[in-house]
Amino acid sequence: MATTELPNSRTEPDGSAVVRVLSYNVRSLRDDTAALARVITACAPDLVLVQEAPRFFRWRKKLARLAAASGQVVLTGGATAAGPAILCTLRATVERTEDVLLPLTPGLHRRGLATAVVRFGAARLGVVSCHLSLRRDERYAQGGMLLDRLAGMGVEHAVVGGDLNERPDGRTFRLLADSLQDCRTAAPWGGEFTSTPADPHQRIDALFATRGVEVLGCGVPGGHPGVTGTDLRAATDHLPVLAALRIPAA
């Protein structure tokens with residue numbers, strides 16, 4: 001449970017920016033979307049890294065409605081990234097976006113990455129939302145592709161969030177944590193486990209940041225003002241991960 005306040009979004013005198021980032025698997029909006037919107041709104045994120053966004057009939061309208069109901073706009077992703085998406089507030093200035101489809105393994109679900117480069121004042125940030133495979137070998141390959149994509153984005157500072165379908169002792173989770181900061185480990189705040197809302201017992205969703213980004217706190221926002229257990233259980237089948245990050249000025 002959250003026992004201390006997470007820092008609010010702000011711009012510092014030195015040009016750095018404190019940014020709130022939320023990663024959330026929304027299960028294709030098949031649950032209580034009003035509860036989901038209330039959770040997102042209460043977390044007051046500048047960026048929402050979505051997994052399992054709607055991908056089929058009227059998917060753009062459904063994602064746009066969620067964004068509008070939670071004080072966000074759709075930045076990129078959805079069906080064009082095979083599920084991952086990025087929402088943001090108008091505080092973010094968008095430099096560019098790109099949706100990436102990862103190689104398809106016959107018989108398995110298509111995976112992809114939603115990516116963007118944004119600015120918060122003088123702070124420039126790469127952003128990646130991901131949802132990795134259920135199969136161990138494919139998941140590990142996707143982790144490597146994610147890191148390759150991140151290295152090619154031309155940014156010094158970045159945040160990656162997603163449903164990894166793997167616990168911290170798994171080799172794909174370790175691959176990412178060896179190259180990036182596991183935000184929860186760097187600055188624990190709130191709850192640890194993200195699955196399932198009714199019985200939280202494992203951490204399979206995470207936020208990572210590049211070196212040089214200061215992690216001010218990261219975890220499941222249970223007990224955060226405005227976030228109720230009832231809404232968390234009704235919203236979707238994962239718990240969200242919220243982080244406050246200080247991004248240096250470019």
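Quick note: residue numbers are just sequence positions, from 1. Remember, it's a predicted structure, so these values are computed and weren't measured experimentally.
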Nearest atoms (heavy-atom pairs only) where Asn25 meets Glu52: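 Minimum heavy-atom contact is ND2-OE2, 3.2 Å.
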
Quick one about Asp46 and Ser9 (side-chain donor to acceptor, distance below 3.5 Å, no hydrogens or angles considered), yes or no?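 Note: Ser9 and Asp46 side chains meet the donor-acceptor criterion.
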
Does any donor atom in the side chain of Thr196 or Asp237 lie under 3.5 Å from an acceptor atom in the other side chain?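 No.
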
Short N-O contact, [X] and [Y], less than 4.0 angstrom:
X      : Y      : result
Asp137 : Arg139 : no
Arg38  : Asp231 : yes
Asp182 : Arg203 : yes

State, with a plain yes or no, whether a side-chain heavy atom of His238 is found less than 4.5 Å away from one of Ile204. yes

Is the shortest side-chain heavy-atom distance between Pro45 and Gln72 below 4.5 Å? yes

Anything under 3.5 Å between a donor and an acceptor, one on a side chain of residues 141-159, the other on a protein residue two or more places apart or in another chain? List them.
from   : atom 1 : to     : atom 2 : distance (Å)
Gln142 : OE1    : Ser133 : N      : 2.8
Arg149 : NH1    : Glu98  : OE1    : 3.3
Arg149 : NH1    : Glu98  : OE2    : 3.4

Please evaluate residues Phe208 and Phe173 with respect to the criterion ring pair (Phe, Tyr, Trp, His ring centres under 6.0 Å), reporting the C-alpha separation (whole Å), side-chain torsions for both, the decisive distance (0.1 Å), and the verdict. CA-CA 10 Å; Phe208 299 90; Phe173 201 117; 5.4 Å; yes

More than 12 heavy atoms of other residues, nucleotides or ligands under 6.0 Å from CZ of Arg211: is that the case?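 Atom CZ in Arg211 is packed in, count exceeds 12.
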
So how far is it from Leu36 CG to Arg27 CZ, rounded to the nearest 0.5 Å?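 That separation rounds to 11.5 Å.
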
